[in-house]
Amino acid sequence: GQSLEQPSEVTAVEGAIVQINCTYQTSGFYGLSWYQQHDGGAPTFLSYNALDGLEETGRFSSFLSRSDSYGYLLLQELQMKDSASYFCAVKGQAGTALIFGKGTTLSVSS
Amino acid sequence: DAGVTQSPTHLIKTRGQQVTLRCSPISGHKSVSWYQQVLGQGPQFIFQYYEKEERGRGNFPDRFSARQFPNYSSELNVNALLLGDSALYLCASSPGPDETQYFGPGTRLLVL
């Protein structure tokens with residue numbers, strides 16, 4: 001079967017750095033995406049990794065290691081508005097569905 | 001540019017009824033995917049359409065059906081509603097079937 005594992009909750013304080021890990025088990029690999037979702041809102045696309053290495057977009061970075069079936073999302077200079085759920089999602093092969101993890105709830109406190 | 005739009009935003013139905021949810025993709029996007037998200041879980045894939053053809057279907061019963069129109073908008077239909085169908089239904093569009101998906105705000109369905 002196909003599955004993604006990520007921590008259910010992470011807490012941090014403003015200004016800190018937090019890393020959200022994602023391990024996946026899929027038949028094939030086409031890319032790893034990260035989405036942010038605030039309560040009741042639409043998932044918002046954050047980043048995409050198809051190849052090994054680090055992708056940086058402002059305060060957010062995403063890393064992928066295909067040999068370890070592992071990726072992470074790194075959030076720097078945390079702000080209160082970063083409190084949300086973060087989902088990793090994998091497409092196993094071209095033409096197949098995007099499979100989501102159960103999400104990680106990030107709580108940022110002052 | 002307008003993002004993905006969905007209607008209605010909220011809906012209350014009773015068991016056994018039928019519901020139709022609508023989605024308009026981002027201009028220029030030809031692929032639409034539908035997801036069901038229950039509280040505390042990640043979105044679960046229901047359907048993907050590209051150029052009006054069904055490209056994929058998730059593990060949902062035949063009560064769920066969808067279609068895509070020539071203008072690339074899409075409808076999701078659910079028949080014989082069950083209490084367990086209560087969820088946030090999300091539509092996502094992408095330029096092509098394997099490109100980054102952008103989500104709409106969702107339709108929150110409550111089945112009583």
Side-chain angles (χ1 to χ4, degrees), chain A residues 1-9 20 22-50 55 57 60 62 64 71 73 84-107, chain B residues 2-7 9-10 21 23-26 29 31-51 53-60 64 66 86-110:
Chain A
Q2 304 188 97
S3 66
L4 289 85
E5 295 290 333
Q6 51 181 129
S8 58
E9 293 183 22
I20 300 174
C22 174
T23 58
Y24 58 88
Q25 186 173 17
T26 57
S27 53
F29 179 81
Y30 194 76
L32 175 69
S33 301
W34 289 92
Y35 286 84
Q36 177 194 61
Q37 187 179 33
H38 287 96
D39 267 352
T44 302
F45 172 75
L46 294 177
S47 69
Y48 173 75
N49 295 71
E55 293 284 340
T57 309
F60 294 178
S62 59
L64 173 66
L73 180 69
S85 293
Y86 292 83
F87 296 90
C88 59
V90 170
K91 183 180 280 283
Q93 299 174 32
T96 62
L98 194 59
I99 307 300
F100 281 80
K102 292 185 177 182
T104 299
T105 301
L106 170 63
S107 299
Chain B
V4 178
T5 60
Q6 293 185 244
S7 62
T9 56
H10 294 80
L21 311 181
C23 171
S24 291
I26 293 170
H29 287 195
S31 183
V32 168
S33 299
W34 287 95
Y35 294 83
Q36 180 195 66
Q37 186 178 26
V38 299
L39 199 61
Q41 300 291 318
Q44 188 171 0
F45 173 73
I46 308 175
F47 285 108
Q48 184 181 54
Y49 278 78
Y50 175 62
E51 292 280 17
E53 297 288 327
E54 182 183 304
R55 287 289 298 254
R57 182 186 182 116
N59 189 24
F60 280 82
F64 289 76
S86 296
L88 179 67
Y89 287 85
L90 295 162
C91 172
S93 78
S94 54
D98 294 319
E99 297 177 71
T100 297
Q101 296 184 17
Y102 298 90
F103 284 83
T107 293
R108 192 163 297 279
L109 173 64
L110 178 61

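Per chain, numbering begins at 1; letters A, B, ... match sequence-line order.
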Requested in this report: May I ask you to name which of A:Ala97, A:Ala42, A:Ser8, A:Pro43 has the most heavy-atom pairs under 4.5 Å with chain B?
Outcome: A:Pro43

Query raised in the report: Are the side chains of A:Leu98 and B:Ser33 in touch, meaning some heavy atoms are under 4.5 Å apart?
Result: no

Query - Enclosure of A:Gln2 CD (heavy-atom neighbours >12, cutoff 6.0 Å) - result: yes

Query - Exercise: identify the closest heavy-atom pair between A:Thr96 and B:Asp98 - result: N-OD1, 4.4 Å

Report summary line: If one checks every heavy atom of B:Pro43 against chain A at 4.5 Å, the contacting part turns out to be both

Report task. Tabulate, in ascending numerical order, the residues of residues 100-109 of chain B having at least one heavy atom closer than 4.5 Å to a heavy atom of chain A, or enter 'none'. Result -> B:Thr100, B:Gln101, B:Tyr102, B:Phe103, B:Gly104, B:Pro105, B:Arg108

Query raised in the report: Closest approach of B:Leu88 and A:Gly41, non-hydrogen atoms and distance?
Result: CD2-O, 4.3 Å

Query raised in the report: Measuring heavy-atom distances to chain A, does B:Tyr35 have an atom under 4.5 Å in its side chain, in its backbone, in both, or in neither?
Result: side chain

